[in-house]
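Reading through the structure tokens given below for one structure.
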Amino acid sequence: MPPSAIPEPGVRPSDFRFHCLDCGHVADSASPDYRCPRCGDLLEISYPEWNKSGIRSRASGISADDLKSRWKERRLSSTPVDLSGVWRFRELLPALNAAHVVTLREGNTPLYEMPQCARIAGVPRLYAKHQGMNPTGSFKDTGMTVAASFAHHAGYRWIACASTGNTSASMAAYAARGGMRSLVLVPEGKISWSKLSQALDYGAVTCQLRTDFDGCLRLFRIEGQKTLAIELMEQMDWQPPDHIIVPGGNLGNSSAIGKALLEMRDLGLISRLPKLSVIQTEGANALVRTLREAGGKRLISVNAETRATAIRIGNPASWKKAVRVLEATGGTCEQVSEVEMAQAKAEIGAEGVGCEPASAVTFAGLKKLVKQGFVKAGETVVLILTGNLLKDPDFTMEFHRGDLFAGTPDESEGTALSRLRHPPIVLDATLDAVLRTLEQADKSAPGC
Ligand code: F0G
């Protein structure tokens, strides 16, 4: 059967606008770079019908309860758009003919309970929404399916991005799936081999250089990435947690999650907003400084340096949106040291979950927010783990071998983490040697 010419349910172009959050300019259409024609800032897609006060807002003319049951029913379907954990929520996305949808069955990621980490942090209920379980191993896929689909719809032959690694891996995969070519610009020597190797395998033209520009389809990526929050609320039976904690780099993800939370509230899908907080490392703390030293009014860029290469960004593109989202939800921004991040990563790993270094800042940040009293006893917290453990094996190996902080100012603090290290043990190939090692390990096991 030829693909249907009727758009799938979604928001028709007549019902969404391109909105500049900075100068307030609103337009029906956007130029190919999706920047504001008046002030040059990044545009965002907005749905004016959803936040009209006085009337009950509806998405695509459907009530909140009907949306919830429609999304649930789709889980039994076997069509590609329904199997995608992004397009399943298409009533909250710009409409697109299904023939253009480029999907790798992204989304549908697990929400894990984290009892051990909850005890360590001192909170009763802690969950991790693991976006590293996406097809290319990071949260970028939920955004990329929407960006690549709209690029396909627009007839693009090439798509391009600058990236610290995960965006490029994801973009290369979705370009390949959609029959498009891809150009990837990555900072030389500062991204993990796993991420670079993904881009190569998916056929991208890959240039290693120093840059901080991002793909022009960012605005569609944000729309896709916001579905992580919709899926999370569905997994929590539409009972929002008290806190959601995300790592912050370019700050697209925090903006996307915040956008989804506000839209869901406007549509009556949730009745209250969780506080959304952003965590950075001390070495790449542009948002922390922007809020603390400039009251969120102007960006304070930094010369970023951190082993969490995914968030080694000194000049975050979406900082204004992130500031707005923190204000709107009552969240905060905190920074953690390299040692705190490494410890948190090992603790998440010890729970059988694991993540890449950038994701672990969420747990390190949570511990601080509990100590400061920002996260209160009895509150429910969700950490967004953005990338898979396998994304940065060098970091993990160096940590367990004890080399991660060697020769750095953190060396002595780093040695305090030795109880969390599990270096590989070289043995004679005898049963006796293996048994002796096992006995020793058993004595040192947690709880003994
Ligand atoms: N966590 C991981 C694993 C990331 O790859 C990124 C960003 C972030 C967190 C931060 O998210 O930028 O939306 O605030 N990675 C981008 C990239 C910059 O190019 O892959 P953000």
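First listed ligand is number 1; within each ligand, the first listed atom is number 1. Quick note: residue numbers are just sequence positions, from 1.
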Near A310, which atoms of ligand 1 are under 4.0 Å from a heavy atom of that residue?
2 (C), 3 (C), 4 (C), 5 (O), 6 (C), 7 (C), 15 (N), 18 (C)
At the 4.0 Å heavy-atom cut-off, does S138 count as touching ligand 1?
no
Protein contact of atom 2 (C) of ligand 1 - nearest heavy atom, named by residue and atom, plus distance
T386 OG1, 3.4 Å
Classify the ring geometry between F150 and H153 as parallel (under 30°), tilted (30 to 60°) or perpendicular (over 60°).
perpendicular
If you scan protein heavy atoms around atom 11 (O) of ligand 1, the nearest is F139 CZ, 3.5 Å
When only distance counts, is G387 in polar contact with ligand 1, meaning an N/O pair under 3.5 Å?
no
Tell me which one of N388, N166, L287 gets a heavy atom nearest to atom 3 (C) of ligand 1.
N166
Nearest non-hydrogen protein atom, atom 16 (C) of ligand 1:
K140 NZ, 3.2 Å
Any nitrogen or oxygen of I313 lying under 3.5 Å from a nitrogen or oxygen in ligand 1? Just yes or no.
no
Please say which of R38, R298, K320 ends up in a salt bridge (Lys or Arg N to Asp or Glu O under 4.0 Å) with D22.
K320
Nearest neighbour in protein (non-hydrogen) for atom 12 (O) of ligand 1:
N250 N, 2.7 Å
Mark up the atoms of ligand 1 that fall under 4.0 Å of a heavy atom belonging to G248, in ascending order.
14 (O)
Run the salt-bridge test on R75 and E234 with the 4.0 Å N-O cut-off and return the result as yes or no.
yes
Mark up the atoms of ligand 1 that fall under 4.0 Å of a heavy atom belonging to I311, in ascending order.
8 (C), 9 (C), 10 (C)
Are E340 and K367 ion-paired here, with the side-chain N under 4.0 Å from a carboxylate O?
no
Looking only at side chains, do S84 and E106 share a donor and an acceptor under 3.5 Å apart?
yes
For atom 13 (O) of ligand 1, find the nearest protein heavy atom and state the residue, atom name and distance (0.1 Å precision).
N253 N, 2.8 Å
Would you call R35 and D41 a salt bridge, taking side-chain N to carboxylate O under 4.0 Å as the test?
no
Subset of ligand 1 atoms that lie under 4.0 Å from at least one heavy atom of E356
3 (C)
With respect to T167, determine whether any N or O atom, backbone or side chain, lies less than 3.5 Å from an N or O atom of ligand 1.
yes
Any salt bridge linking E356 with K195? Criterion: basic side-chain nitrogen under 4.0 Å from a carboxylate oxygen.
yes
Among S163, A358, A169, whose heavy atom sits nearest atom 19 (O) of ligand 1?
S163
By number and element, which atoms of ligand 1 are closer than 4.0 Å to a non-hydrogen atom of G252?
13 (O), 14 (O), 21 (P)
Considering distance alone, does some N or O of S254 sit under 3.5 Å from an N or O of ligand 1?
no
Looking just at side-chain N and O atoms, do Q225 and K259 make a donor-acceptor pair shorter than 3.5 Å?
no
Taking distance alone, with N or O pairs closer than 3.5 Å, would you say K195 contacts ligand 1?
no
Looking at T386, N253, L251, which hits side chain to side chain contact (heavy atoms under 4.5 Å, CB included) with V246?
N253
Basic-acidic side-chain contact under 4.0 Å: R292, E334
yes
Does a side-chain N-to-carboxylate-O contact under 4.0 Å join R421 and D403?
no
Where does K391 meet ligand 1, judged by heavy-atom distances below 4.0 Å: at the side chain, the backbone, both, or neither?
neither
Distance-only side-chain donor-acceptor flag, K190 / T309, under 3.5 Å:
no
Check whether any N or O atom of A162, backbone or side chain, sits under 3.5 Å from an N or O atom of ligand 1, and answer yes or no.
no
